[in-house]
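Here is the structure we will look at.
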Amino acid sequence: MNLIGQALTVVRKDLLLEWRGKGRLISVLMFGVVTLLLFSFAVGPDSTLLRAAAGGFLVLALLLSSTLGLSESFRVEQEQRAIEGLLLLPVDPIALYYGKTLSNTLFLMLLAPVLTPVALILYSVQLDLKGLAVLLGLWTLAAAGLSAPGTLYAAMTSRLQSQDVLLPLLLFPLVIPVLMGAVKSITLILTGDPMSQVGSWAALLASFAIIYWSLCGLLFPHAIEEGI
Amino acid sequence: MNLIGQALTVVRKDLLLEWRGKGRLISVLMFGVVTLLLFSFAVGPDSTLLRAAAGGFLVLALLLSSTLGLSESFRVEQEQRAIEGLLLLPVDPIALYYGKTLSNTLFLMLLAPVLTPVALILYSVQLDLKGLAVLLGLWTLAAAGLSAPGTLYAAMTSRLQSQDVLLPLLLFPLVIPVLMGAVKSITLILTGDPMSQVGSWAALLASFAIIYWSLCGLLFPHAIEEGI
Amino acid sequence: MTRQFKWDSGIGLLGLLLLFVGSYIGLFVAPSERYMGEVQRIMYVHVPCAWNAMLVYMLAFIFAIISLWTHRPKWDAATTAAAEVGIVLNSLLLVQGSIWARATWGVWWDWDVRLTTSLIMLLLFAGVLALRSFVHDASRRATWTAIATIVAFVDVPLVYFCVRWWRSLHQVQSTPDTVAPMMVVPLRINAFAILFIAIWMMTQRARLELDRRRQDQVSEPERLAPIGGSNNA
Amino acid sequence: MSIRATDSATLAIQTRGLGKRFGRQWALAHCDLQVRPGEVLLLAGANGSGKTTLLRLIAGLYKPTQGSMTIYGMDPDQEKLACRRTLTLVGHDNYLYSQLTALEMLQVWTRLRGAELEKAQAIELLREVDLHDRRDYPVGGFSAGMRKRLTLLRTRLEEPRLVLLDEPFSALDAAGQNLIEDWIEGYRSAGKTVVLASHNLPRSSRLCDRAFLLQEGQILWQGTGEAILDQVGTTV
Amino acid sequence: MSIRATDSATLAIQTRGLGKRFGRQWALAHCDLQVRPGEVLLLAGANGSGKTTLLRLIAGLYKPTQGSMTIYGMDPDQEKLACRRTLTLVGHDNYLYSQLTALEMLQVWTRLRGAELEKAQAIELLREVDLHDRRDYPVGGFSAGMRKRLTLLRTRLEEPRLVLLDEPFSALDAAGQNLIEDWIEGYRSAGKTVVLASHNLPRSSRLCDRAFLLQEGQILWQGTGEAILDQVGTTV
Ligand code: HEM
Ligand SMILES: Nc1ncnc2c1ncn2[C@@H]1O[C@H](COP(=O)(O)OP(=O)(O)OP(=O)(O)O)[C@@H](O)[C@H]1O
Ligand SMILES: Nc1ncnc2c1ncn2[C@@H]1O[C@H](COP(=O)(O)OP(=O)(O)OP(=O)(O)O)[C@@H](O)[C@H]1O
Ligand SMILES: [Mg+2]
Ligand SMILES: [Mg+2]
């Protein structure tokens with residue numbers, strides 16, 4: 001079977017697992033909502049302050065939920081060492097990586113359509129439909145950028161003690177460009193975009209995604225050379 | 001052996017495990033530091049905004065790190081079902097609960113002394129030594145309040161799919177009083193406390209801790225009646 | 001499948017009837033409010049929803065204690081039903097409140113005590129149901145639902161106080177509290193109407209839960225005839 | 001120890017109509033078991049016949065869906081801790097913390113039983129299972145059989161009167177299997193009760209006083225250890 | 001298939017000075033193994049003697065600390081995927097996703113091997129291990145033996161020429177053990193190579209063409225299946 005076929009088989013398996021454990025998506029979403037709420041409590045009831053930081057908080061909530069989703073995606077692989085069962089099969093590690101990354105990207109993409117409206121309401125920010133569409137597009141780029149290194153690191157940490165701490169620890173500093181790009185561009189969208197800077201931030205997000213999709217695909221086979 | 005002796009044995013075992021896997025404490029701390037950093041990126045370079053929200057961000061970072069620490073504390077119990085080995089011994093569930101809760105409280109208490117200085121530097125806020133002492137005292141109350149329901153829920157979710165999502169999901173809304181109490185009182189300390197309101201917030205934190213230490217101690221034996 | 005007429009269907013019908021009457025009075029008979037105008041009439045469902053949500057959560061709490069005590073499936077069903085109906089009322093409350101807020105304050109949301117408390121309450125109990133959905137074993141599910149319900153409910157007063165203190169430095173949202181008698185009547189009627197409907201929904205939901213359990217309940221297999229061996233115990 | 005089979009106070013285990021259902025599946029049903037103190041009992045049966053479920057029910061790790069039981073006359077619901085003090089179970093899992101060493105694992109277990117274990121005693125115990133030279137190695141690096149050996153030491157740490165063993169011989173080498181056989185003989189002569197589930201019939205049938213054959217969650221047959229070999233030959 | 005033991009291209013497995021160290025512990029050392037295609041090989045040895053380590057090295061799950069090997073003439077470093085296509089390993093773990101059903105597990109495995117499994121075929125396979133009536137149950141609720149049976153089906157899904165089995169008989173009931181024995185006989189007559197590690201010497205020694213006795217990570221002895229029974233009797 002060719003690479004693409006194998007990768008799609010991995011995606012299919014992940015979607016099946018996701019479907020079986022529907023709870024995971026829903027609870028990651030609820031986690032995101034609760035995080036959005038927490039931010040407003042942390043800042044206090046002052047709504048101007050909240051509104052100024054709304055874009056940042058939305059992106060942070062998305063990032064935190066994404067990290068949880070990523071580390072969950074390997075939890076199920078390790079439970080009865082199913083991942084070893086996959087590694088023993090003649091599956092190209094590259095197919096494995098891109099399959100897993102793709103299904104993680106799909107998963108992360110689902111977060112924004114739910115969390116954005118909640119953030120808009122909680123932080124009393126307005127956004128028209130066009131703005132929303134642009135925002136979702138940006139998040140798709142960001143999600144792709146997050147899941148490329150995220151999947152690599154989640155695989156590498158999945159069998160270590162305290163993966164849930166290690167993964168964000170490794171990932172957060174790495175994805176600061178994604179964070180900043182997303183925060184900046186989303187804040188621009190929320191506050192109106194007079195200078196049309198969104199484009200260049202989107203370019204940053206896209207290049208991050210492209211670089212890490214290629215780089216991590218090259219590195220992953222080495223990471224799993226001795227199993228995970 | 002009496003209850004207290006058993007509980008202390010559990011604490012001792014947990015401390016030994018902690019000592020062996022020193023990595024956990026360090027990486028939870030580093031996670032906290034990275035989170036503090038993320039907040040400043042998410043809010044942007046506006047330092048007044050940052051300073052106004054400094055207390056809130058510090059508490060949020062503490063809370064997020066705490067949740068990770070709590071869910072880790074049961075990861076090691078489930079890895080080879082060690083917890084079942086404990087449940088099979090004639091250990092009073094109450095002793096088990098308070099032992100685990102105490103060791104979690106100790107763990108969480110260690111977070112503030114490290115994260116507070118980092119937050120002070122990152123957000124350029126000043127604090128004298130007395131203020132620092134009061135802050136650490138408040139965090140001790142908050143840590144006790146967090147770990148009581150946190151330990152109960154961590155135990156209950158430890159064997160479910162997606163514990164790492166479920167635990168914060170259950171815990172965050174529950175500990176909003178702790179969050180608010182800590183944010184308010186710590187912000188008061190950071191900005192100076194003209195009206196001496198810190199006392200009443202500390203009272204809130206203390207009553208939360210007392211209520212949940214008693215309530216969860218009563219409920220825990222039921223939770224593990226059929227094993228976890 | 002023929003179903004005999006159950007007492008709760010009666011209550012449900014009564015509730016619908018009352019809701020119709022109350023809403024009629026509220027919409028067409030009661031005077032409109034001086035400042036807010038016609039939007040204010042949303043109050044006749046808003047306030048009853050709020051009262052009943054609280055009441056139903058309290059029922060969930062009581063059922064949870066009994067369920068933990070007795071381990072009987074019916075109390076688990078009752079706890080779940082109450083928690084779910086509470087969530088439904090709570091969500092309705094939030095939606096109505098947001099619409100009202102949008103119309104009067106110009107924003108969908110504000111960090112007022114009651115608003116904030118309602119939202120946290122919703123999340124607390126939604127967490128309970130999320131936990132429940134992950135537990136497959138029926139008896140453990142019952143225990144854990146009960147525990148989580150108790151833990152969540154005990155938190156509500158604490159949340160209320162802390163949100164009040166949290167707000168205290170800022171102005172408290174003004175709400176009209178001088179109320180005309182013609183406003184009180186539909187409010188009362190609708191409160192009972194929604195209470196009855198809530199009871200009806202709870203019994204339906206509890207029945208459904210018990211039915212589901214019964215479907216899973218396969219009776220013990222036939223006792224196998226032991227072969228050979230005499231009982232040499 | 002005099003025995004009257006009908007008197008539950010003098011029985012080590014008595015179950016009445018014990019049953020356990022998972023979802024729509026009855027893992028165990030109609031289980032009436034009477035075990036006298038000092039007996040060695042074998043549970044045999046095909047995969048999925050309910051052996052593990054029965055042992056876990058007796059150990060109090062599952063709540064019965066139906067029926068009741070007593071352990072040395074005690075009701076596990078009422079006197080949970082006393083029952084736990086009376087019995088010990090080694091199941092399919094190993095109950096280990098991978099970061100602790102073999103020695104530390106033993107100490108943790110003993111302390112939680114309310115006793116204290118001298119280092120010399122612990123080394124003596126480890127020597128029994130041939131792990132004494134690995135005493136300071138973290139158990140996470142142990143082989144399957146080494147883990148099993150360590151966990152089986154739990155039965156020797158204190159004085160449980162009822163020892164429940166779920167496939168004690170699996171993962172062990174010949175020497176290990178002989179050792180466990182000796183242990184079980186020792187328990188018998190010390191008047192302790194042993195219930196073991198095993199697929200290693202040649203070995204376990206010659207150990208046991210009575211054998212039970214389970215099928216689809218029910219006790220199909222009971223008899224002596226020698227008889228079960230023939231029985232299994234004909235039915236399985 | 002004619003065999004010249006010195007020609008690595010015609011050997012199923014050839015290892016030269018293979019060794020694996022964990023920390024300060026040599027789990028395997030100086031391992032020179034030559035396995036001809038169509039042979040059934042038994043690895044015996046005490047707990048912790050290095051059987052699992054050797055099998056995992058061959059399967060490519062560990063990287064050797066020392067030495068080299070070829071599998072059907074291929075270098076696993078160079079031709080990883082080809083090696084994986086050639087071999088299959090069933091180890092101590094079960095490689096299952098608890099939420100999937102037995103049928104779905106089989107389908108996932110086959111698809112990843114690049115084939116497609118008709119439902120009828122899958123049911124036929126499940127029938128072989130007596131799990132056909134549990135095909136739509138999530139495997140998380142399976143008993144230890146049922147999981148093992150399901151995982152052992154991995155050896156039948158495709159056409160691996162080299163089957164590595166780590167304690168294939170453990171957790172299985174008598175019928176299951178007989179079945180696996182039949183399978184191994186079948187593999188032998190189909191010209192496949194089988195390497196199994198087992199503590200069930202009576203059963204595995206009569207199956208194998210050659211037996212190896214490991215001790216502390218080194219091959220201590222090699223001989224025929226019958227001979228190992230005596231050998232173990234004297235050394236262990
Ligand atoms: C999402 C938004 C809202 C939520 C969650 C909410 C929640 C509640 C709750 C929980 C109560 C019951 C309090 C009690 O009886 O102690 C209540 C009562 C009430 N609400 Fe709202 N509310 C919202 C928006 C509004 C708005 C926008 C208005 C009008 C401007 C409003 C006016 C009232 C009034 C008049 C009462 C009755 C007060 C009383 O009985 O003293 N609410 N609301
Ligand atoms: N991951 C590891 N880390 C550290 N040491 C290990 C590791 N894996 C194996 N060892 C050590 O290597 C040696 C051989 O282990 P291995 O698992 O190969 O034994 P085995 O022959 O399979 O034993 P068993 O019959 O008990 O399964 C043992 O001493 C073991 O402690
Ligand atoms: N947690 C569970 N959830 C669902 N079904 C279960 C669970 N545990 C056991 N079962 C079912 O109960 C039956 C008996 O299982 P049990 O583990 O007791 O068998 P066993 O006799 O120990 O088998 P083995 O010899 O394979 O260990 C099996 O059909 C199994 O599928
Ligand atoms: Mg079993
Ligand atoms: Mg092994």
Side-chain angles (χ1 to χ4, degrees), chain B residues 1-27 72-100 102-103 155 158-159 220-228, chain D residues 20 55-65 76-77 79-101 103-116 138-140 142 144 147-148 150-151 153-155 157-160 162-164:
Chain B
M1 195 166 41
N2 54 4
L3 271 185
I4 295 175
Q6 286 191 329
L8 290 181
T9 313
V10 174
V11 175
R12 193 165 151 186
K13 178 216 76 177
D14 276 359
L15 292 184
L16 181 63
L17 276 172
E18 209 53 70
W19 181 247
R20 277 295 142 72
K22 276 178 290 272
R24 179 182 146 208
L25 179 58
I26 293 171
S27 35
E72 278 306 318
S73 83
F74 275 89
R75 177 71 32 80
V76 54
E77 299 282 355
Q78 289 290 1
E79 200 195 343
Q80 294 188 49
R81 304 284 290 127
I83 186 79
E84 193 164 295
L86 301 191
L87 292 180
L88 279 167
L89 296 175
V91 184
D92 198 308
I94 295 185
L96 193 58
Y97 174 73
Y98 284 114
K100 209 78 193 149
L102 189 60
S103 60
S158 64
R159 228 196 156 183
F220 186 77
H222 295 279
I224 60 164
E225 227 164 34
E226 294 193 65
I228 15 181
Chain D
K20 177 73 187 174
L55 287 176
R56 289 175 68 90
L57 279 166
I58 298 174
L61 289 175
Y62 286 149
K63 256 198 207 166
T65 314
D77 275 347
E79 303 170 79
K80 198 145 199 165
L81 280 192
C83 282
R84 295 240 155 112
R85 212 165 288 121
T86 309
L87 63 79
T88 183
L89 163 72
V90 175
H92 290 300
D93 298 304
N94 286 321
Y95 320 136
L96 302 177
Y97 297 102
S98 352
Q99 297 95 326
L100 298 191
T101 66
L103 208 64
E104 286 164 347
M105 279 305 327
L106 287 184
Q107 279 168 343
V108 165
W109 287 332
T110 335
R111 282 208 201 100
L112 284 170
R113 275 199 160 271
E116 202 48 57
V139 298
F142 279 15
R147 286 170 203 216
K148 187 87 183 182
L150 182 57
T151 306
L153 273 185
R154 279 170 67 106
T155 62
L157 280 179
E158 261 278 298
E159 293 297 322
L162 173 58
V163 180
L164 307 171

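Below, chain A is the first sequence line, B the second, and so on; all start at residue 1. The model shown is predicted, which means the values in this text are computed figures rather than measured ones. The figures here come from the full heavy-atom set of this structure, side chains too, leaving out hydrogens, waters and symmetry mates.
To the nearest 0.5 angstrom, B:Gln80 atom CD is 8.0 Å from D:Thr151 atom OG1. In this structure, the separation between CG on D:Leu61 and CD1 on B:Ile224 is 10.5 Å, given to the nearest 0.5 Å. To the nearest 0.5 Å, the span separating CD on B:Glu84 from NE2 on D:His92 amounts to 11.0 Å. Considering CH2 of D:Trp109 and OG1 of B:Thr9, their distance stands at 15.5 Å, rounded to 0.5 Å. Taken from CD in B:Gln78 to CG in D:Asp93, the straight-line distance is 9.5 Å, to the nearest 0.5 Å.
Options B:Leu17, B:Val76, B:Val91 differ in how many heavy-atom pairs under 4.5 Å they form with chain D, and the most are formed by B:Leu17. The greatest number of non-hydrogen atom pairs below 4.5 Å with chain B, out of D:Lys63, D:Arg147, D:Lys80, is found for D:Lys63.
Closest heavy-atom contact between D:Leu112 and B:Gln6: O-NE2, 3.9 Å. The heavy-atom pair separating B:Leu88 from D:Ala59 by the smallest distance is CD2-CB, 3.9 Å.
Counted within 6.0 Å of CZ on B:Arg12, heavy atoms from surrounding residues, nucleotides or ligands total 12 or fewer; the atom is thus considered open. For D:Leu81, the CG atom is densely surrounded, since the number of other residues' heavy atoms within 6.0 Å is greater than 12.
Heavy-atom distances place no part of D:Gln107 under 4.5 Å from chain B, backbone and side chain included. In this structure, chain B has no heavy atom under 4.5 Å from any part of D:Thr110. Only the side chain of B:Glu79 comes within contact range of chain D, with at least one heavy atom under 4.5 Å from a heavy atom of that chain.
Between the side chain of D:Arg84 and the backbone N or O of B:Leu87, at least one donor-acceptor pair lies under 3.5 Å. Put simply, the side chain of D:Arg111 never gets that close to the backbone of B:Lys13: no donor and acceptor are under 3.5 Å apart.
Here B:Tyr98 pairs with B:Trp213 under the ring pair (Phe, Tyr, Trp, His ring centres under 6.0 Å) rule; sequence neighbours left out.
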